[in-house]
Amino acid sequence: MELPKEYDYNAIEEKWMNTWQDSMFYFDWNSEKPQFIIDTPPPYPTGNFHIGNALNWCYIDFVARYKRMRGFNVMFPEGWDCHGLPTEVKVEELNGITKSQVSREEFRQMCVDLTTKNIERMRKSLRRLGFSIDWSNEYITMDPSYFGKTQASFVKMYERGNIYQQNHPVNWCPRCETAIAFAEVEYDARDTVLNYLNFDKLQIATTRPELLAACVAVAVNPDDVRYSKYVNTEVKVPVFGHKVKVIADKSVDPTFGTGVVMICTFGDKQDVRWWVEHKLPLRKAIDKTGKMTGIAGKYAGMSTDECKKAIIEDMKIAGILYKQEKLDQNVGACWRCKTPIEILSERQWFVKIVAEDILNTAKEVTWVPDYMKVRLENWTGTMEWDWCISRQRIFATPIPAWYCAECGKTKVAKEEWLPLDPTQTSPPEACECGSTKFRGEEDVLDTWMDSSISALHVSGWLSDKPLLLPAQLRPQGYDIIRTWAFYTILRSKALLDKKPWDTILLNGMVLGEDGHKMSKSRNNFVVPEEVMKKNGADAFRQWAAIGGTTGSDIIFSWKDVVAGSRFLQKLWSIVRFSMPHISDEPAPYTPIDLWLLSKLNRLVKECTEKMDAYQFDETFKAIRGFAWEILADNYIELAKSRLYGDGEGKRAAQYTLFIAIDTLTRLLAPFLPYFSEEIYSHIKNESVHLAPYPQADESLINAEAEATGELIKELTAAIRRYKSEHGMALNAKLAGVEIYSTMEDASDIAGAANSEVILKTGTPDFETVPAALKPNMKVLGKTYRSRAKSIAEALMSADPKLAISGRIDFTVDGEDITLDNSCFTVEKERLLKGKAVDVLEVGSTLIVISRE
RNA sequence: GGGCCCGUGGUCUAGUCGGCUAUGACGUCGCUCUUACACAGCGGAGAUCCGGAGUUCGAGUCUCCGCGGGCCCA
């Protein structure tokens with residue numbers, strides 16, 4: 001059967017996508033094989049699988065397919081991290097409502113419906129990209145089967161004292177009206193104004209005069225002699241008139257403003273620190289919606305901005321505010337809506353952070369690349385307080401707790417009651433006080449509470465399956481080290497006292513072709529579907545493999561994608577040529593066959609090592625180099641004449657070609673699932689994705705065979721170059737070619753050169769003279785150190801004939817120096833005489849070509 | 001302000017333990033449509049490795065300073 005000339009990726013990718021059975025990639029819970037569980041990142045179901053996801057999934061799929069072929073029992077699950085604000089916002093937008101216009105349950109259902117639709121769309125993209133996902137281990141965090149586990153993890157940690165409820169300052173987004181975690185706070189540079197105020201007998205500087213009503217103390221540096229006499233006295237707060245203490249604290253910067261700061265509850269994180277340390281009272285001036293409270297007197301009900309304007313005006317008139325200056329300041333903002341955050345003291349749920357546990361567990365995990373570990377270490381321990389896990393939203397996992405209507409006591413659910421929604425059901429037992437009336441907790445969990453048990457979930461935690469933690473691999477982007485990686489380590493340690501995974505593999509961010517972050521406004525946005533349509537999945541996957549080193553940022557490049565489809569066409573041509581020739585009948589190899597097989601087995605060894613180290617770019621480049629340069633450009637050219645002929649040499653070439661294509665196809669399978677499956681279907685009756693990864697046959701890796709083959713290749717290349725330089729066609733016949741070497745067989749060279757080749761031994765009748773001496777700096781430098789340079793120069797200017805004996809003597813700076821031949825190489829020059837011949841030199845072998 | 005990474009031909013990129021004329025791709029120039037492939041083959045040109053200082057016999061590689069970029073954070 002003849003293959004079509006062009007590789008039709010569209011038809012072939014479509015064909016295999018519809019042929020493959022999901023069951024090929026199922027994890028076997030009862031397998032004897034070593035397990036390889038991947039803790040796949042559950043994407044947020046926006047409906048679109050973006051290119052950053054696609055890169056990450058390519059990495060995962062390379063590993064999954066490779067490990068399967070290496071005999072591992074692989075789980076490549078697919079999760080969906082459903083909960084969160086973006087879906088709530090989208091639902092409000094799509095339905096033209098606000099969440100308060102419908103019941104909680106109704107609103108939740110709208111979110112579920114939208115998410116379900118989005119997941120369905122994204123599943124299609126995943127299939128099209130050829131990912132070998134284990135759909136039997138799909139999980140959806142909004143399903144009761146998953147969020148029940150999230151709730152169970154909450155209950156377990158609560159019972160162990162890892163979770164507690166407390167009135168504590170939290171980061172608060174007044175627009176989203178919810179508490180948020182530190183990981184959700186972004187810092188942006190903003191211009192602000194520093195206001196100088198007469199503060200009783202002192203002057204203070206503040207950027208937040210609207211918080212004057214919340215002032216609970218004034219602080220100075222203990223070493224600041226200007227103010228020492230005021231320490232421990234009281235001052236009256238202007239406008240509001242309440243009295244506050246003057247305290248001394250080292251962390252006050254005496255050079256900032258007047259050197260006196262006011263402490264408010266709460267202007268920023270530093271205020272919280274002082275508030276805790278000096279046991280200051282609490283004055284709430286801002287409510288949950290960002291409006292001024294009753295203690296703000298005439299400003300009550302205003303937004304913080306309005307209040308700021310108003311109070312500044314009033315203080316100017318009253319002569320309290322005497323100076324203003326511009327100040328660059330970094331302001332914390334909500335990462336979702338960019339609204340500046342407030343710090344409010346509210347009753348919230350917290351998870352205890354034990355930095356030491358996290359750092360120790362992180363050390364047990366292998367980080368690829370290793371330097372990424374530092375990012376986690378730097379983040380751990382910088383948090384000012386524990387992880388706030390309660391959110392004042394709707395579409396999220398409900399916190400399984402109630403408050404007794406009588407005594408107000410908190411009742412947390414028992415594990416066996418889960419899953420449940422406390423706003424829909426009551427606890428099946430009475431409160432300690434005897435009351436059976438409860439109010440369900442309306443707060444919900446931070447979505448990271450869902451996703452931070454993904455590793456536990458896929459490893460069989462709380463199921464009828466065995467618990468297989470730790471998983472083997474966590475692939476993720478470095479942008480979520482401080483969140484997903486951090487929280488997963490925390491939870492795995494707290495719940496099971498184990499590391500969640502053996503290895504964490506970090507991928508970089510995908511940048512647009514202009515080198516900037518992809519964004520719609522920059523117009524450098526590319527979606528995987530577009531690439532798929534133009535060049536197919538296998539070409540896209542090649543970009544992912546070779547576009548950059550694992551862990552570093554990678555620029556999307558159409559050039560790489562196009563180069564990918566060209567490589568497919570090249571491979572296709574190789575196979576198309578080979579198909580009528582290959583045979584699985586062994587025959588005695590010729591030198592060039594052995595050369596190819598040695599190179600091939602060396603390649604297999606290299607690929608295995610590099611895949612084990614997650615170096616996809618290097619693996620793929622090695623395979624491509626072999627296929628293109630060694631197999632296509634050299635071996636096939638050299639073996640052609642045998643293949644066209646008859647006899648033993650032909651059968652050897654047929655068998656060698658078969659081995660090469662079979663091996664190459666299996667090496668390519670993790671990267672090019674569609675293409676390799678198509679090729680394999682022409683040579684074997686099974687799926688390449690169920691075939692074993694090639695094993696290097698060490699006995700075929702042979703330096704001598706490679707040297708012989710290399711010489712044949714070089715000699716052929718020299719003849720080709722000769723033709724090219726002389727403007728001859730490559731199949732032009734040369735009149736007389738003589739090769740002087742110890743080689744026994746030049747038939748492949750003759751075939752490739754399309755000329756008769758006469759093998760001769762010895763050397764032709766040339767005169768050979770030493771022409772130059774080349775210093776070996778590696779030896780000279782070590783031996784002669786600082787004099788190496790002058791000795792090298794002397795060597796180069798010495799008469800080369802003097803070195804014929806293998807050693808040379810000369811004088812440098814009056815000193816006699818003797819060098820043996822480890823210190824230099826003698827370059828020889830050949831003098832031709834007589835006939836009109838061209839001489840090509842390949843190492844020590846000479847090709848003599850008669851001129852016509 | 002701190003941490004991490006990066007700066008190599010026109011563009012992107014490789015470069016281990018410092019060691020001779022720095023890898024590959026795309027582009028470019030010349031030749032060749034050779035019974036797999038012109039989306040190809042063969043050959044060529046093109047880089048004082050961001051700047052400066054230092055260590056060293058020797059630095060793209062190590063150290064320090066500077067400039068520029070990216071990311072994570074305060």
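So that the names make sense, note that chain A is the first sequence line, chain B the second, and so on, each numbered from 1.
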Tell me which nucleotide, if any, is Watson-Crick or G-U wobble paired with [N] when both distances must be under 3.5 Å.
{"N": "U34(B)", "answer": "none"}
{"N": "G9(B)", "answer": "none"}
{"N": "G46(B)", "answer": "none"}
{"N": "G27(B)", "answer": "none"}

So that I can tick it off, tell me whether [Y] and [X] are bridged by a salt bridge, with the cut-off set at under 4.0 angstrom between side-chain N and carboxylate O.
{"X": "Glu377(A)", "Y": "Lys373(A)", "value": "no"}
{"X": "Arg208(A)", "Y": "Glu342(A)", "value": "yes"}
{"X": "Glu530(A)", "Y": "Lys534(A)", "value": "yes"}
{"X": "Asp593(A)", "Y": "Arg642(A)", "value": "yes"}

Checklist entry - What string of B, S and - do you get for nucleotides 1-8 of chain B, 5' to 3', when a contact is any protein heavy atom under 4.0 Å? => result --SBS---
Checklist entry - Can you name the closest pair of heavy atoms from Met372(A) and Tyr478(A) and give their distance? => result CE-CD2, 3.5 Å
Checklist entry - Any idea which heavy atoms bring Gly477(A) and Asn507(A) closest together, and the distance? => result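 Result for this residue pair: N-OD1, 3.3 Å.
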Nearest to the [X] side chain among [options], which nucleotide is it?
{"X": "Ser573(A)", "options": "C39(B), A36(B), C12(B)", "result": "A36(B)"}
{"X": "Lys559(A)", "options": "A36(B), C39(B), C26(B)", "result": "C26(B)"}
{"X": "Phe577(A)", "options": "A36(B), A25(B), C39(B)", "result": "A36(B)"}
{"X": "Arg624(A)", "options": "A25(B), A40(B), A36(B)", "result": "A25(B)"}
{"X": "Glu618(A)", "options": "G41(B), C39(B), G15(B)", "result": "G15(B)"}
{"X": "Lys621(A)", "options": "A36(B), U13(B), C42(B)", "result": "U13(B)"}

Checklist entry - Do any of residues 639-647 of chain A sit with a heavy atom less than 4.0 Å from RNA chain B, and if so which? => result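 Hits under 4.0 Å, by residue number: Lys640(A), Tyr644(A).
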May I have the distance from [X] (atom [atom1]) to [N] (atom [atom2]), rounded to whole angstrom?
{"X": "Asn171(A)", "N": "A74(B)", "atom1": "CG", "atom2": "C1'", "answer": "13 Å"}
{"X": "Leu511(A)", "N": "U13(B)", "atom1": "CG", "atom2": "P", "answer": "10 Å"}
{"X": "Leu819(A)", "N": "C57(B)", "atom1": "CG", "atom2": "P", "answer": "19 Å"}
{"X": "Asp617(A)", "N": "A25(B)", "atom1": "CG", "atom2": "P", "answer": "15 Å"}
{"X": "Glu629(A)", "N": "U23(B)", "atom1": "CD", "atom2": "P", "answer": "13 Å"}
{"X": "Glu6(A)", "N": "A36(B)", "atom1": "CD", "atom2": "P", "answer": "16 Å"}
{"X": "Trp484(A)", "N": "C72(B)", "atom1": "CH2", "atom2": "P", "answer": "18 Å"}
{"X": "Ile554(A)", "N": "A14(B)", "atom1": "CD1", "atom2": "C1'", "answer": "15 Å"}

Could you give the distance separating [M] and [N] at their [atom1] atoms, to the nearest angstrom?
{"N": "G68(B)", "M": "G51(B)", "atom1": "P", "answer": "15 Å"}
{"N": "C5(B)", "M": "G46(B)", "atom1": "P", "answer": "36 Å"}
{"N": "A47(B)", "M": "U21(B)", "atom1": "C1'", "answer": "13 Å"}
{"N": "U63(B)", "M": "A25(B)", "atom1": "P", "answer": "31 Å"}
{"N": "A22(B)", "M": "G3(B)", "atom1": "P", "answer": "36 Å"}
{"N": "C71(B)", "M": "C65(B)", "atom1": "C1'", "answer": "23 Å"}
{"N": "C12(B)", "M": "U55(B)", "atom1": "P", "answer": "34 Å"}
{"N": "C50(B)", "M": "G60(B)", "atom1": "C1'", "answer": "12 Å"}

Next on the checklist: Pick the closest RNA chain B nucleotide for Ala563(A) and for Lys5(A) by heavy atoms, then say which residue is nearer the 5' end.
Outcome noted: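 Result of the comparison: Ala563(A).
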Next on the checklist: Looking at Trp628(A), I'd like to know if the NZ or CZ of Arg566(A) sits under 6.0 Å from its six-membered ring centre while staying within 45 degrees of the ring's axis.
Outcome noted: no
Checklist entry - With a non-hydrogen cut-off below 4.0 angstrom, is Tyr478(A) in contact with a base, only sugar-phosphate, or nothing? => result sugar-phosphate
Next on the checklist: For a quick check of understanding: with a heavy-atom distance under 4.0 Å over all strands, which category does Asp633(A) fall into, base, sugar-phosphate or nothing?
Outcome noted: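 Counting heavy atoms under 4.0 Å across all strands, the contact made by Asp633(A) is with sugar-phosphate only.
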Checklist entry - Angle class for the Trp379(A)/Phe486(A) ring planes (parallel below 30°, perpendicular above 60°, tilted otherwise)? => result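 Trp379(A) and Phe486(A): perpendicular rings.
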Checklist entry - Ignoring hydrogens and angles, does a donor from either the side chain of Glu637(A) or the base of A36(B) sit under 3.5 Å from an acceptor on the other? => result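 Result: at least one qualifying N/O pair found.
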Next on the checklist: Are Tyr59(A) and Phe616(A), when compared by the centres of their aromatic rings, separated by less than 6.0 Å?
Outcome noted: yes
Item to check | Donor-acceptor contact below 3.5 Å, side chain Asp386(A) vs main chain Ile353(A) | outcome: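 Yes, because the side chain of Asp386(A) sits within donor-acceptor range (under 3.5 Å) of the backbone of Ile353(A).
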Next on the checklist: So does Tyr7(A) get a backbone contact from the side chain of Gln569(A), meaning a donor-acceptor N/O pair under 3.5 Å?
Outcome noted: yes
Tell me which donor-acceptor pairs under 3.5 Å the side chains of residues 537-546 of chain A have, and how far apart each pair is, sequence neighbours excluded?
unit_1: Asp538(A); atom_1: OD2; unit_2: Phe675(A); atom_2: N; d: 2.7
unit_1: Arg541(A); atom_1: NE; unit_2: Phe671(A); atom_2: O; d: 2.8
unit_1: Arg541(A); atom_1: NH1; unit_2: Asp61(A); atom_2: OD2; d: 2.9
unit_1: Arg541(A); atom_1: NH1; unit_2: Leu129(A); atom_2: O; d: 3.0
unit_1: Arg541(A); atom_1: NH1; unit_2: Gly130(A); atom_2: O; d: 3.2
unit_1: Arg541(A); atom_1: NH2; unit_2: Asp61(A); atom_2: OD2; d: 2.6
unit_1: Arg541(A); atom_1: NH2; unit_2: Pro670(A); atom_2: O; d: 2.9
unit_1: Gln542(A); atom_1: NE2; unit_2: Gly564(A); atom_2: O; d: 2.9
unit_1: Trp543(A); atom_1: NE1; unit_2: Ile555(A); atom_2: O; d: 3.1

